[in-house]
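Numbers for residues simply follow the sequence, beginning at 1. Whatever order the structure lists them in is the order used to number ligands and atoms, beginning at 1.
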Amino acid sequence: MQKNLREILTYIGDNPAREGLNETPKRIIKSWQKLFAGYNQKPESVLKTFTEGSCSEMVILKDIEFYSMCEHHFLPFFGTISIGYLPDKKVIGISKLARLVEIYARRLQIQENLVAQIADSLMENLKPLGVMVVCKAKHMCICSRGVEKHQAEMITSALRGVFNRHEVRQEFLQFIQRI
Ligand code: ZN
């Protein structure tokens with residue numbers, strides 16, 4: 001793999017043997033352990049549910065920071081994700097929602113699939129009445145190349161179950177827009 005990366009460095013016009021680049025292939029591979037850690041984790045392993053102390057109102061975790069990699073350009077995209085669900089008897093530890101985001105963000109992704117996979121995984125493992133996931137992100141593939149619009153933010157959402165109802169969706173959106 002290090003040999004392949006040295007070839008890439010040559011391809012872009014640099015000299016992989018120079019001092020500053022000597023260790024770069026090794027460092028790139030090491031960074032992948034974190035950037036792509038999601039492939040080795042299963043969502044069901046973090047989604048332990050419990051019924052004690054469960055509530056019947058909407059549960060929201062807002063503005064979870066994430067870093068991901070665009071599968072089309074192998075460039076980072078990053079931003080925040082807000083998740084809401086309406087429990088049906090079972091709830092999960094709120095930090096588990098953040099862990100779930102990590103599992104799906106730390107892969108090659110597109111923003112549309114990221115929200116859908118988080119929503120589907122919650123529906124499957126937690127079996128709530130509904131889920132909504134909203135993601136706001138900046139893409140390096142838009143900022144630094146292509147159309148070069150560095151202020152543009154992309155917003156995607158996924159809604160499942162009762163969140164298809166207007167009033168449920170509105171309640172969630174009001175919560176996440178409030179400071
Ligand atoms: Zn891209």
Exercise. With a cut-off of 2.8 Å, does any N, O or S atom of H139 fall short of it relative to the Zn ion (ligand 1)?
Worked result: no
Exercise. From C141, does some N, O or S atom reach closer than 2.8 Å to the Zn ion (ligand 1)?
Worked result: yes
Exercise. Between H139 and E153, is any side-chain donor less than 3.5 angstrom from a side-chain acceptor?
Worked result: no
Problem set entry | Short N-O contact, K42 and E44, less than 4.0 angstrom | no
Exercise. If you check every N/O/S atom of H73, which is the one nearest the Zn ion (ligand 1)?
Worked result: ND1
Exercise. Under 4.0 Å between a Lys/Arg side-chain N and an Asp/Glu carboxylate O for E102 and R106?
Worked result: yes
Problem set entry | K127 and D88 ion-paired at < 4.0 Å | no
